[in-house]
> 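Next up is a structure, given as structure tokens.
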Amino acid sequence: MEKWSLMTITVLLALTVRWTVSLGSYSGAGKPPMYGDYEAQRHWQEVTYNLPIRQWYFNTSDNNLLYWGLDYPPLTAYHSFVCAYIAKLINPDWIALHTSRGYESQPHKLFMRTTVFVADLLVYIPAVILYCFSLKETSTKKKVSICCVALCILLYPGLILIDHGHFQYPLSLGFALWGVLYLSYDWDLLGSVAFCLALNYKQMELYHSLPFFCYLLGKCFKKGLKGKGLVLLTKIAGTVVVSFAVCWLPFCTDMEQIMQVLRRLFPIDRGLFEACMFSSPPPRLANIWCSLSVLIKIKNIVSPQTQLKLSFAITFLSLLPTCIKLTVQPSLRGFKFALVSCALSFFLFSFQVHEKSILLVSLPVCLIINEIPFMATWFLLVSTFSMLPLLLKDGLLLAYTVTMLAFLSVCVASFSIFEKTSAEDLQLKPFSLSLKGYVSWVKSFPKIVRSLFLLSVTLMGILSLMSAAVHPPQRLPDLFPVSVSVISCLHFLLFLVYFNVVILWDSKNSRSQKKIS
């Protein structure tokens, strides 16, 4: 009873923070002609309600694809239609064809914010709560810590600021989390359905697809492909096919419909930098390509097709070791760490990345915050900081500052993170043992890590303050956004190395995978 009372308080606190942030500004507020993501979501409601399904993804006189045309999978479109149906009952002007473009009012803002709040409450938050309860608990103290884990996950500022500030729905991450939760209980078919829903809501869930695939394939191998493993593989394959068929059924009337949707989902011709072109030439995205473009103008010397091949090759090579390890030694722990590593590889090296895509890395990091609280807290702070130019553009400086400080305070209080910086606490003991005798600074490792963390946080604080309060030099108008992007990218590269070391040297995976039968 006590743990449910504490969890209720935790959820109420998280909901209060979300609603408070939602009272502030949003993407593109009062900024015609394109406005921002808030208007994009409203426009999709307008399109899906007023036009037949066959026109949703096609450029027509009633559906100008250059003005926030639908570029997400069918489940996003269906969700927009449901929201539009409710909006029509309240005020038809909100979704009137053509005349509602750029509609802004306090009642409409309240409605839109409520739709995000409800989606969070129905899909994402329950998954977080059940995931935390699924963590092993052996004492009353542990039960309290479960609520601390839930509080830290639910107060992660990046997701709150983007969903309830900038404006975005948490459904794809929520479905992915349900997938992880189901797999943790060995409900593989339900896990497959949940992840298919995530992928059919946002195609960026491909960041998580390889860990899901490799983990389930590895389980099938362990069970034996001549017996139970083959049966499980067949069931999973059938579940995935049926799930996709149901989601895509209205678009299966002819091949041109399917191809048009796919062209909207994967606009390869836009080039490597499409997602960071919303900001003028200097990048505001903390991945390797935009950071390198500060020195080397890749888009001017490499064709779009070559960019695609190059990014695919580097992304594939960077995640290959983790995927091989997970397939050969499938374990739930290895699966969660692989979700982090693979998503981070996609974010850093893949084609057409948006700054908000770092949330796809942050979600699985939240899931291992109880195992590596120090590094998880550090990463989650950096991931939010990496979106600072976007958040400042949306007028969310106050919300950014308060939620960042609150999150850091809660993590320090819950996990005493500064006391958990030894090689063992950071899951680096097997790696450090392999270096013993070769590296003299292993014993001073905790002190070095703490110093680097404090230096990192100080640097983020200074850059945040300067970005908000100092005018950059006229010759370097994008000095601060570029600095944020490059510094964040350097952090992410180091985190990628760290997570891969943890995965590849982890002996716990070898032991835990024996439990899979």
Side-chain angles (χ1 to χ4, degrees), residues 128 131-132 134-136 149 152-153 156 173 176-177 179-184 186 191 195 205-219 222 315 317-349 358-380 382-383 415 417 420-432 434 449 491-516:
V128 171
Y131 172 79
C132 291
S134 74
L135 301 175
K136 292 182 179 179
V149 173
C152 290
I153 295 175
Y156 166 55
L173 293 178
L177 181 50
V180 174
L181 181 63
Y182 287 138
L183 293 188
S184 69
D186 287 325
F195 184 68
E205 277 297 327
L206 286 168
Y207 284 31
H208 297 148
S209 59
L210 283 176
F212 271 89
F213 174 79
C214 293
Y215 176 65
L216 291 172
L217 183 63
K219 288 186 71 172
K222 289 298 175 183
T315 304
L317 290 175
S318 68
L319 52 79
L320 186 60
T322 295
C323 290
I324 292 175
K325 175 87 182 273
L326 183 60
T327 305
V328 175
Q329 297 179 354
S331 70
L332 188 62
R333 171 188 161 80
F335 168 59
K336 289 188 285 188
F337 274 87
L339 285 170
V340 177
S341 177
C342 291
L344 189 51
S345 290
F346 271 103
F347 178 81
L348 284 170
F349 306 118
I358 194 60
L359 297 178
L360 292 156
V361 191
S362 299
L363 174 68
V365 171
C366 286
L367 302 185
I368 56 176
I369 195 170
N370 62 308
E371 296 191 48
I372 48 168
F374 180 84
M375 295 301 285
T377 300
W378 192 357
F379 179 91
L380 294 172
V382 175
S383 67
F415 297 110
I417 59 174
K420 298 181 179 179
T421 55
S422 67
E424 185 174 2
D425 290 324
L426 300 182
Q427 310 291 329
L428 291 174
K429 189 173 183 180
F431 179 69
S432 64
S434 67
V449 171
H491 276 84
F492 292 146
L493 285 170
L494 292 175
F495 279 117
L496 181 64
V497 172
Y498 165 74
F499 284 116
N500 274 282
V501 168
V502 171
I503 292 167
L504 298 178
W505 267 265
D506 187 16
S507 58
K508 292 182 181 179
N509 284 350
S510 302
R511 293 194 298 270
S512 61
Q513 59 99 18
K514 293 178 182 178
K515 298 177 183 178
I516 298 175

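In this text the structure is predicted, and so the values were computed from the model without any measurement.
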> Do F347 and F492 make the cut of ring centroids closer than 6.0 angstrom?
yes

> Checking side chain to side chain contact (heavy atoms under 4.5 Å, CB included) for the pair N500/W505: CA distance, chi angles, key distance, verdict?
CA-CA 8 Å; N500 274 282; W505 267 265; over 6 Å; no

> Judged by modelled atom types alone, do Y131 and S184 share a side-chain donor-acceptor pair under 3.5 Å?
no

> Return the CG to OG distance between L504 and S341, rounded to the nearest 0.5 Å.
8.0 Å

> Should Y156 and L359 be marked as a side chain to side chain contact (heavy atoms under 4.5 Å, CB included) after you check the CA-CA gap, both sets of side-chain angles, and the distance that decides it?
CA-CA 10 Å; Y156 166 55; L359 297 178; 3.7 Å; yes

> For the SG atom of C152 and the CG atom of L380, what is their distance to the nearest 0.5 Å?
9.5 Å

> Under the 3.5 angstrom rule, does the side chain of T327 hit a backbone N or O of C323 as a donor-acceptor pair?
yes

> Looking at N370 and P373, what are the two nearest heavy atoms and their distance?
O-CD, 4.0 Å

> Can you see which heavy atom on T322 is nearest to which on C342, and at what distance?
CG2-SG, 4.2 Å

> Would you name the heavy atoms of P330 and K219 that are closest together and state the gap between them?
CG-N, 3.9 Å

> Roughly how far apart are L181 CG and S134 OG, rounded to 0.5 Å?
5.5 Å

> Strictly under 6.0 Å, is that where the ring centroids of F335 and F212 end up?
yes

> Quick one: pull up CE in M375 and CD in Q427 and give me the separation to the nearest 0.5 Å.
11.0 Å

> Check whether any side-chain N or O of H208 sits under 3.5 Å from a backbone N or O of L360 as a donor-acceptor pair, and report yes or no.
yes

> For a quick test of reading the model, state the closest non-hydrogen atom pair linking F337 to V502 and the distance between them.
CE2-CG1, 3.7 Å

> Is any side-chain heavy atom of L177 closer than 4.5 Å to a side-chain heavy atom of F195?
no

> For D506 and K325, run salt bridge (charged side-chain N to carboxylate O under 4.0 Å, His left out): C-alpha distance rounded to whole Å, both residues' side-chain angles, the deciding distance at 0.1 Å, then the answer.
CA-CA 10 Å; D506 187 16; K325 175 87 182 273; over 6 Å; no

> Would a 4.5 Å heavy-atom cut-off, applied to side chains only, mark D425 and I372 as touching?
no

> What heavy-atom pair brings G191 and L183 nearest, and what distance separates the two atoms?
CA-CD2, 4.2 Å

> Assess whether atom NZ of K420 is packed by more than 12 heavy atoms of other residues, nucleotides or ligands within 6.0 Å.
yes

> Mind checking the CD1-CZ spacing from I503 to R333? Nearest 0.5 Å is all I need.
9.5 Å

> Could you walk me through whether L426 and F431 pass side chain to side chain contact (heavy atoms under 4.5 Å, CB included), step by step?
CA-CA 11 Å; L426 300 182; F431 179 69; over 6 Å; no

> Can you give me the closest heavy-atom contact between I358 and L344, atom names plus distance?
CD1-CD1, 4.5 Å

> Does any donor atom in the side chain of S383 or S362 lie under 3.5 Å from an acceptor atom in the other side chain?
yes

> Using the rule given for side chain to side chain contact (heavy atoms under 4.5 Å, CB included), can you reason through V382 versus F495, listing the C-alpha separation, both sets of side-chain angles and the distance that settles it, and then say yes or no?
CA-CA 10 Å; V382 175; F495 279 117; 4.3 Å; yes

> Output the distance between atom CZ (F349) and atom OG (S318), rounded to the nearest 0.5 Å.
5.0 Å

> Is the F379-Y498 ring centre distance short of 6.0 angstrom?
no

